[in-house]
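FYI, side chains are in, hydrogens and waters are out, and symmetry mates aren't considered; it's all heavy atoms of this structure.
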Amino acid sequence: MIDYDTFCRIKQLSEKEKLNVSQIAAELGLDWRTTAFWIKQERFQERVAPARPSQLDPFKDQIQRLLEKYPYSAAQILLRLREQDYKGGYTIIKDYVRKVRPPRRAAYLTLSFAPGECAQVDWGSFGTVACGQTMRKLHFFVMVLCYSRLMYVEFTVSQTMEHFLGCHQNAFEFFGCVPQRI
């Protein structure tokens, strides 16, 4: 089967360029019989194959109900249909499920913030550091402004309230402002 553009090209080469069937077939990479058939045609008509009934047709409503109730995979649906005397294969079910499955929602929530509205704060650990004769855990404080994603990081050897509040104060001085919420 050829497309409309190829049909137009065949007609142009035949009527305007006056090429014969073999020359047109060679130019377009078609079989000479296909070329001869389309030269005889007055206008392009797309051939439509008659729709055949599918082995899946009697089960399509049930598949829809199963997918609405639970997010079954095509393999799980095949097992359920085999219990009801379905004789078809897996691929036809997989293709149908892919076509009719309800769209999945995004697994994340997109947040938006105004400038200065919010900041996020957290602690983290980064190995150990020598303090005199002892090894101490090295912690870091992180504050990120939600709107601009500007980040402040400060390393400490403790996570006491004194360090926590001091890190906040240093972050506010670094940013030059205090967010409404933290």
Smallest separation among heavy atoms of P179 and A119, with atom names: CG-CB, 3.6 Å
Criterion side-chain contact (heavy atoms from CB on, under 4.5 Å) on H163 and T160, from CA distance to verdict: CA-CA 5 Å; H163 283 94; T160 63; 2.9 Å; yes
Heavy-atom check, side chain of F113 versus side chain of L145, under 4.5 Å: no
4.5 Å side-chain heavy-atom contact, I2 and I10: yes
M151, CE atom: more than 12 neighbouring heavy atoms under 6.0 Å: no
R43 backbone acceptor or donor facing K11 side chain under 3.5 Å: no
side-chain contact (heavy atoms from CB on, under 4.5 Å) evaluation trace for R98 with D95: CA-CA 5 Å; R98 186 176 292 140; D95 293 341; 3.9 Å; yes
Greater than 12 external heavy atoms within 6.0 Å of F37's CZ: yes
Which atom of S125 lies closest to which atom of H139, heavy atoms considered: OG-ND1, 3.7 Å
Close side-chain approach of F172 and I182, heavy atoms under 4.5 Å: yes
Separation of T6 OG1 from W38 CH2 (nearest 0.5 Å): 10.0 Å
Side-chain heavy-atom pair I63, Y72 within 4.5 angstrom cut-off: no
Distance in Å, R80 CZ paired with I93 CD1, rounded so as to fall on 0.5 Å steps: 12.5 Å
Atom pair CZ (F7) and CG (D5), whose distance is rounded to the nearest 0.5 Å: 11.5 Å
Taking every non-hydrogen atom, the tightest pair across K60 and Y96: CB-OH, 3.5 Å
Aromatic plane relationship, F141 with F164 - under 30° parallel, 30 to 60° tilted, over 60° perpendicular: perpendicular
Q55 side chain near I92 side chain, heavy-atom distance below 4.5 Å: no
Neighbour count >12 (heavy atoms, 6.0 Å) for atom CH2, W32: no
Reported OG-to-CZ distance for the pair S73 and R101, which is rounded to 0.5 angstrom: 7.5 Å
Q76 and Y70: CA distance, side-chain angles, deciding distance, side-chain contact (heavy atoms from CB on, under 4.5 Å) verdict: CA-CA 11 Å; Q76 291 171 314; Y70 298 108; over 6 Å; no
Transitive ILVMFWY side-chain link V144 to V153, under 4.5 Å: yes
Polar side-chain atom of T134 near backbone of A130 as donor-acceptor pair, under 3.5 Å: no
Any side-chain heavy-atom pair of E117 and Y147 under 4.5 Å: no
L78 CG to E83 CD distance, which is reported to the nearest 0.5 Å: 10.5 Å
Q62-Q84 side chain donor-acceptor pair, cut-off 3.5 Å: yes
Spacing of CG belonging to N20 relative to CG belonging to L13, to within rounding of 0.5 Å: 11.0 Å
F44 CZ: over 12 foreign heavy atoms closer than 6.0 Å: yes
Hydrophobic cluster membership, Y152 vs V142, 4.5 Å side-chain cutoff: no
Minimum heavy-atom distance between M143 and A171, given as atom pair plus value: SD-CB, 3.8 Å
Minimum heavy-atom distance between Y90 and A75, given as atom pair plus value: CE1-N, 3.5 Å
CA sep, side-chain torsions, deciding dist, call: L67, V100, side-chain contact (heavy atoms from CB on, under 4.5 Å): CA-CA 9 Å; L67 288 173; V100 300; 3.8 Å; yes
Co-membership, hydrophobic cluster, residues F155 and V157, 4.5 Å side-chain: yes
Minimal non-hydrogen separation, C167 against W123, with atom names: SG-CH2, 4.5 Å
Note, I24 side chain near I39 side chain (heavy atom, < 4.5 Å): yes
Atom NZ of K137: over 12 foreign heavy atoms under 6.0 Å: no
Side chains of E154 and F174 in contact at under 4.5 Å (non-hydrogen atoms): no
Q169 CD: over 12 foreign heavy atoms closer than 6.0 Å: no
Polar contact flag, side-chain donor to acceptor under 3.5 angstrom, Q12-R9: yes
Main-chain N/O of C131 paired to R136 side chain as donor or acceptor, under 3.5 Å: no
